[in-house]
Engineer: 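Dumping the structure here so I can ask a few things about it.
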Amino acid sequence: MIDPCFELGFSLELGGQYSWRLKEGELRYRGTREFAGLIEGRIPVSDGQIERFVAALDLLDTWNWRDDYHPQDVQMAVMDGGHWWFKAKLHDRVCNTAGENAYPSYHDPRQTTLNPERFDLLRAGLYEAFQIEHFIYQARWRQQQAERLAADETSSQE
C-alpha cells in the first residue's frame, strides 16, 4: 500500500476557498462560500487511485516545483485573483509549493507564469484519479431532489 498524504487548495480573493486532502485512506473536501457543499461526506480511495494520482504528480514533475510563485517573478503586479497551494509527501519525496496569482510554467516548473496550465493539469489529475466529478454529480442530484421535495410540500400546503 502506498501511503502518501497531500493537500491541494485554492482561495479566491472574493469568492471563498476549497481544499482536497488525502488522510487516512479518504479524500476529504472543505469549501467555503461559493465552494461550500460541492460534495457530501468523504471519498474512500483505493490503492489504484492513489497510484494513478502519483503517476500524474510524476508526469507534472511536481517534485521539482519551487516553494512559491509570485507575479513579481515575471515583472507583473496582480492585485486580485487567487492563492493556491499543494503539499505532498510520498516516502522520501516531498512537494510543498504555493502561489499567489502565479504558477509553475507549463514548459519548466522552475519558472513562473501567470498562466495556470500546469496547476490546472494537477487539479484535473486529482479529479480524474479519484473520480471526483461523480461525487459532485451525486451531491447536486441529491440537492435538486431535496429542493423538489420542499417545493412539492410547499405547494401542497397552499
Engineer: Is it true that atom CD of Glu128 has more than 12 heavy atoms of other residues, nucleotides or ligands lying nearer than 6.0 Å?
Structural biologist: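 Not more than 12 within 6.0 Å, no.
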
Engineer: Can you check ring pair (Phe, Tyr, Trp, His ring centres under 6.0 Å) on Tyr29 and Phe135, steps first, answer last?
Structural biologist: CA-CA 11 Å; Tyr29 176 79; Phe135 291 93; over 10 Å; no

Engineer: Quick one: OH on Tyr69 to CZ on Arg110, what's the gap to the nearest 0.5 Å?
Structural biologist: 8.5 Å

Engineer: Check whether any side-chain heavy atom of Gln17 lies under 4.5 Å from a side-chain heavy atom of Arg30, and answer yes or no.
Structural biologist: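 Gln17 vs Arg30: side chains apart.
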
Engineer: Side chains of Tyr137 and Ile39: closer than 4.5 Å at any heavy-atom pair?
Structural biologist: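 Answer no - side chains too far apart.
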
Engineer: How close do Pro104 and Thr113 get, counting heavy atoms only, and between which atoms?
Structural biologist: O-CG2, 3.7 Å

Engineer: Are a donor atom and an acceptor atom from the side chains of Arg66 and Thr112 found within less than 3.5 Å of each other?
Structural biologist: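 Yes - a donor-acceptor pair under 3.5 Å links their side chains.
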
Engineer: Could you go step by step and tell me if Trp20 and Phe130 meet the ring pair (Phe, Tyr, Trp, His ring centres under 6.0 Å) rule?
Structural biologist: CA-CA 11 Å; Trp20 291 100; Phe130 297 103; 8.8 Å; no

Engineer: Going by heavy atoms in the side chains, are Arg93 and Asp58 under 4.5 Å from each other?
Structural biologist: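 Arg93 vs Asp58: side chains touch.
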
Engineer: Might you confirm whether atom CZ of Phe35 has over 12 heavy atoms from other residues, nucleotides or ligands at distances under 6.0 Å?
Structural biologist: yes

Engineer: Will you find, in the side chains of His107 and Gln111, an N or O donor that is under 3.5 Å from an N or O acceptor?
Structural biologist: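 Result is no, nothing qualifies.
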
Engineer: So Leu22 and Ile50, do their side chains get closer than 4.5 Å, heavy atoms only?
Structural biologist: yes

Engineer: Please give me the minimum heavy-atom distance between Val45 and Glu26, naming the atom from each residue.
Structural biologist: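 Taking every non-hydrogen atom into account, CG2-N, 4.2 Å.
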
Engineer: If you define the side chain from C-beta out and look only at heavy atoms, does anything of Ile43 sit under 4.5 Å from Arg28?
Structural biologist: no

Engineer: Do the non-hydrogen side-chain atoms of Leu122 and Leu60 ever get within less than 4.5 Å of each other?
Structural biologist: yes

Engineer: Run the numbers on Leu57 and Phe86 for side chain to side chain contact (heavy atoms under 4.5 Å, CB included), then give the verdict.
Structural biologist: CA-CA 11 Å; Leu57 297 180; Phe86 181 67; 3.5 Å; yes

Engineer: Write down the atom of Arg52, the atom of Ala129, and the distance for their closest heavy-atom approach.
Structural biologist: NH2-O, 3.9 Å

Engineer: Do the numbers put Arg123 on top of the ring of Phe10, so that NZ or CZ is under 6.0 Å from the six-membered ring centre and no more than 45° off the axis?
Structural biologist: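 Yes.
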
Engineer: Where do Gly15 and Arg33 come nearest, in terms of heavy atoms and distance?
Structural biologist: N-NH2, 3.1 Å

Engineer: Other residues, nucleotides and ligands only: do more than 12 of their heavy atoms fall within 6.0 Å of CZ on Arg140?
Structural biologist: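 Not more than 12 within 6.0 Å, no.
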
Engineer: Please walk me through it: do Thr97 and Asp67 pass side chain to side chain contact (heavy atoms under 4.5 Å, CB included)?
Structural biologist: CA-CA 4 Å; Thr97 186; Asp67 292 344; 5.9 Å; no

Engineer: Minimum heavy-atom separation for Asn101 and Tyr103, please, with both atom names.
Structural biologist: C-CE1, 4.2 Å

Engineer: Can you tell me how far apart CG (Asp73) and OG (Ser105) are? Round to the nearest 0.5 Å.
Structural biologist: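 Answer rounded to 0.5 Å: 12.0 Å.
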
Engineer: Tell me if the aromatic rings of Phe6 and Phe53 count as close, with their centers under 6.0 Å from one another.
Structural biologist: yes

Engineer: Hey, are the side chains of Leu27 and Ile132 touching, using non-hydrogen atoms and a 4.5 Å cut-off?
Structural biologist: yes

Engineer: For Trp84 and Glu100, work out which heavy atoms get closest and say how close.
Structural biologist: NE1-N, 4.5 Å

Engineer: Are Trp85 and Asn96 close enough that a side-chain donor and a side-chain acceptor fall under 3.5 Å?
Structural biologist: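 No pair is found: no donor N or O on one side chain lies under 3.5 Å from an acceptor on the other.
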
Engineer: Check whether Leu59 and Leu126 end up in the same hydrophobic cluster, where Ile, Leu, Val, Met, Phe, Trp and Tyr are linked by side-chain heavy atoms less than 4.5 Å apart.
Structural biologist: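 Shared cluster, no.
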
Engineer: With a 3.5 Å distance limit and no angle check, can you tell me whether Asn64 reaches the backbone of Asp61 through a side-chain donor-acceptor pair?
Structural biologist: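 Not at all, since once roles are kept as given, no pair shorter than 3.5 Å links the two residues.
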
Engineer: Supply the atom-to-atom distance Glu7 CD to Cys5 SG, rounded to the nearest 0.5 angstrom.
Structural biologist: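 So the gap between those two atoms works out to 10.0 Å.
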
Engineer: How many angstroms lie between OH in Tyr18 and CG in Leu38, if you round to the nearest 0.5 Å?
Structural biologist: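 Reported to 0.5 Å precision, the distance equals 9.5 Å.
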
Engineer: Using a cut-off of 6.0 Å, state whether more than 12 heavy atoms not belonging to Arg21 lie near its atom CZ.
Structural biologist: no

Engineer: Stepwise, does the salt bridge (charged side-chain N to carboxylate O under 4.0 Å, His left out) test hold for Asp108 with Arg118?
Structural biologist: CA-CA 10 Å; Asp108 180 353; Arg118 194 176 282 257; over 6 Å; no

